[in-house]
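Whatever order the structure lists them in is the order used to number ligands and atoms, beginning at 1.
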Amino acid sequence: MVDTLRATTTMNTMLANGASAVMPVAGVDEARAIKLSSDEVLLVGERHNVPPPDFDGGNSPLEYPRSRVDGRRVVLTTTNGTQAVARCQDSAEMAAGALINASAVRAWLNQTGLDGVIVMAGSEGRLALEDWLAAGAILSGLTRYNWTDDARAAYLAWQAARPQLEETMLASMHGAALVAQGMAEDVKYCAQVDIVSSVAVRGHDGWFRIS
Ligand code: MLT
C-alpha cells in the first residue's frame, strides 16, 4: 500500500527511527480509543493535513526523529492512507511502501514469493501523481511479475519524472497543497529515494513493524 505524501513515508520513518510498532486506523475515534487503552501510545495523524487538536502529533515524517519515537507504539489516522490500509485488510500480507523505501519494498515482495498488488491511496478518490511515481519506483527491476498496463504506466511516469523528482512532487496537487500550508520540507523529504532500507509490514495483530 502506497501513500507517498505522507502516510506511508511517515510510517516507515517512524519505524526506521525506532518506533516499536505503528497501527494505521481509519477513524479518529478509533485512534483515540487505542490511545485511551495505553498511555504509552503516541496518537498522531491528520485531517486536512493538520493534527486534530487533542493529538500528540501530525502526519509529518519530520516530526518523528529517534528522540521522539524510540521504543514507542504509535497509532496513526490519516485522510486517505490509513483508509486505504483498512480497505486492504483481507490481503495475505501487507507492507507500507513509499519512495523512501522503494527498493526495500521490492526486496520484501520478492522474498514473500506472493503475487503483488500495489494499492495507491490517491487523494479523496482521485489519482495522486506521487503514488504513481512510488509505484513505478517499486516496480523498477521487479521482473518476475507480468505487469498490467497500470503497472507499465506507473513505471513510465516514474522514468519520466526521475530526473526532476522533487520539482514534480512539489507541483503535484497534494504536494502543492502541503507547500501552501507551509510543509514544503515534508514534500522534499518524501521525494527522496531509498533513504530507508527497511519496510513497515503488517503483523498478525494488525500492528506494522519493521521487516
Ligand atoms: C493522507 O492519508 O491523506 C495523507 O497522508 C495526507 C497528508 O497528511 O499529507
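Exactly one residue among D194, T13, T4 makes a side-chain contact (heavy atoms from CB on, under 4.5 Å) with I100. That residue is T13.
Residues T79 and E46 have side chains that bring a donor and an acceptor to within less than 3.5 angstrom of each other. D3 and T8 share no donor-acceptor pair across their side chains, judged by distance under 3.5 Å alone. Judged purely by distance below 3.5 Å, without hydrogens or angles, the side chains of S123 and R126 never pair a donor atom with an acceptor atom. Using modelled atom types and a 3.5 Å distance limit, the side chains of R47 and T77 yield a donor-acceptor pair.
Residue-level proximity to ligand 1 for R6 is carried by backbone and side chain together, each with a heavy atom below 4.0 angstrom. Contacts of H174 with ligand 1, taken as heavy-atom pairs under 4.0 Å, involve the side chain alone.
The contact set between ligand 1 and D3, taken as ligand atoms under 4.0 Å from a residue heavy atom, comprises 1 (C), 2 (O), 4 (C), 5 (O). Taking a cut-off of under 4.0 Å to the non-hydrogen atoms of L5, the atoms of ligand 1 that pass are 4 (C), 5 (O), 6 (C), 9 (O). Atoms of ligand 1 found under 4.0 Å from any heavy atom of A7 (numbered from 1 in listed order, with element): 5 (O). Using a 4.0 Å cut-off to heavy atoms of T79, the atoms of ligand 1 that qualify are 1 (C), 2 (O), 3 (O).
In this structure, C190 and T9 approach most closely via the heavy-atom pair SG-CG2, 3.6 Å.
Between G81 and ligand 1, at least one pair of N/O atoms sits closer than 3.5 Å.
Remark: among candidates N49, T78, T10, D186, the nearest residue to atom 2 (O) of ligand 1 is T78, based on non-hydrogen atoms.
The ring pair (Phe, Tyr, Trp, His ring centres under 6.0 Å) contacts involving residues 95-147 comprise W147-Y155, where partners must be two or more places apart or lie in separate chains.
Nearest protein heavy-atom contact of atom 3 (O) of ligand 1 is N80 ND2, 2.7 Å.
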